[in-house]
J.: 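Structure below; questions to follow.
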2 protein chains.
Amino acid sequence: MPTIGFETHDHHACVSDAMAKAEARCAASDLRLTPVRRRVLELLLAEHRALGAYDILGHLSAEGLGTQPPVAYRALDFLVKAGFAHRVEALNAYIACTHLGADHAPAFLICRNCRSVAESNTALTQGRLGDAARAAGFQIEHTVVEAQGLCPACQTGDAA
Amino acid sequence: MPTIGFETHDHHACVSDAMAKAEARCAASDLRLTPVRRRVLELLLAEHRALGAYDILGHLSAEGLGTQPPVAYRALDFLVKAGFAHRVEALNAYIACTHLGADHAPAFLICRNCRSVAESNTALTQGRLGDAARAAGFQIEHTVVEAQGLCPACQTGDAA
DNA sequence: CCAAGATTGTTATAATATAACTCTTGTTAG
DNA sequence: CTAACAAGAGTTATATTATAACAATCTTGG
């Protein structure tokens, strides 16, 4: 499961592949990929960058798909619960999942300059934190792993 | 560096020890632990729980130390920059550092029921995410590692 | 068709955070 | 000593993120 996001790749295929997987998954799991939900997923897939709920809402609003915050938040909640997108806590923002289909605990590399985000994965419960949790009797249900810094492109021109 | 937060311990000593270390560090580094900053640190130390900025502001306000949001946010910013407190991204909240003095990348175990937080530490840059970052040419500056779940006390009565 | 449940529309408001300007205080160069 | 400066604190206003609550509509199975 490689890191994706800073490498050049066939982005058109990357998007259509993800949409196809999401559709298949919805059909299989009796989930409904309604027009708003589909469009929000497309918007997130279009960029390997984190988008705020109100960025999303701006697009939806321009396209006549809804004007009020709950429209965006509901669609994002659906996508996150379905595993099609992730919430990036450090940015209060959202990003499409690039490992769709795989059962994974996501980890992010977040560029503080261009806000691009690469998704990797983690085996946190097997590492030191997992040891600490077991020792303390703490039951881990969900993990947030986010590293902030500079992506390759932003290290040269810099913008510190 | 053990996990602290879910174990019973001499809390009075834990608090006064932390205050003493903070004072020493301020004296050594030419930082000013002003009345508001000191009080906010005391409030955070009083509980091994994450407190929101407006929780803090409520206390300050009741004590005549300031009534407007910037008062709390400035004090919290100072404490975080000085390393006396950490921001918990998943909760938009703040907690006193329990490893004061040690140079560390904090990791948190967060109980979703009682909001108590234990601070452990991480060696993230040495693990899989570190490998992924190096492979991608990403330069890590700061890490957020937060595990959410149930603490020992909340697993029995549960509250799922 | 009808009922039940899921989804969407809409209004209002809550919760979190910062910009920008003023005033005070403490330090220091002259 | 004192003017000038820097750091901190007071204050007003507003930006950003998020949710509660209820009404309307659509979808599906019986």
J.: Could A:Asp131 and A:Arg134 be called an ion pair, given the rule that one side-chain N must be under 4.0 Å from one carboxylate O?
T.: yes
J.: Compare every heavy atom of A:Phe108 with every heavy atom of A:Ile95, then report the nearest pair and how far apart it is.
T.: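 What the structure gives for the nearest pair is CG2-CE2, 4.1 Å.
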J.: I need the residues from residues 56-74 of chain A with at least one non-hydrogen atom less than 4.0 Å from DNA chain D; give them sorted by number, or say none.
T.: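 Close to the strand are A:Pro69, A:Pro70, A:Tyr73, A:Arg74.
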J.: So do B:Glu42 and B:Val15 actually touch side chain to side chain, heavy atoms under 4.5 Å?
T.: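 Contact flag for B:Val15/B:Glu42 side chains = no.
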J.: If you assign B:Asn92 and B:Arg32 each to the DNA chain C nucleotide with the nearest heavy atom, which residue ends up on the more 5' nucleotide?
T.: B:Asn92
J.: Which atom names give the shortest non-hydrogen contact between A:Glu119 and A:Ala96, and what distance separates them?
T.: OE1-O, 4.1 Å
J.: In whole Å, I'd like the distance from the OH atom of B:Tyr54 to the P atom of C:dA14.
T.: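 It works out to 13 Å between those atoms.
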J.: A side-chain contact here means heavy atoms from C-beta on lying under 4.5 Å apart; do A:Tyr73 and A:Leu57 qualify?
T.: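 The answer is no; the side chains never approach within 4.5 Å.
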J.: Between B:His48 and B:Cys14, does the side-chain contact (heavy atoms from CB on, under 4.5 Å) criterion hold? Intermediate values first, please.
T.: CA-CA 11 Å; B:His48 290 290; B:Cys14 154; 3.8 Å; yes
J.: What is the separation between atom CG on B:Asp77 and atom P on C:dT18, rounded to the nearest whole Å?
T.: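 B:Asp77 atom CG is separated from C:dT18 atom P by 7 Å.
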J.: For C:dT7 and A:Arg37 - does any side-chain N or O of the residue sit under 4.0 Å from the phosphate oxygens OP1/OP2?
T.: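 Looking at the OP1 and OP2 atoms of C:dT7, one of them is under 4.0 Å from a side-chain N or O of A:Arg37.
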J.: Is A:Arg37 reaching over with its side chain to a backbone N or O of A:Arg32, donor-acceptor style, under 3.5 angstrom?
T.: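 Yes.
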J.: B:Glu89 CD to C:dA17 C1': how many Å, rounded?
T.: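 For the pair B:Glu89 CD and C:dA17 C1', the rounded distance is 13 Å.
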J.: Between A:His104 and A:His86, is the ring centre distance below 6.0 Å?
T.: yes
J.: Checking all strands, does A:Phe78 fall into the base, sugar-phosphate, or nothing category for heavy-atom contacts under 4.0 angstrom?
T.: nothing
J.: What is the first contacted nucleotide of DNA chain D and what is the last, in 5' to 3' order, if contact means an atom lying under 4.0 angstrom from a heavy atom of chain B?
T.: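 On DNA chain D, the outermost contacted nucleotides are D:dA7 to D:dT12.
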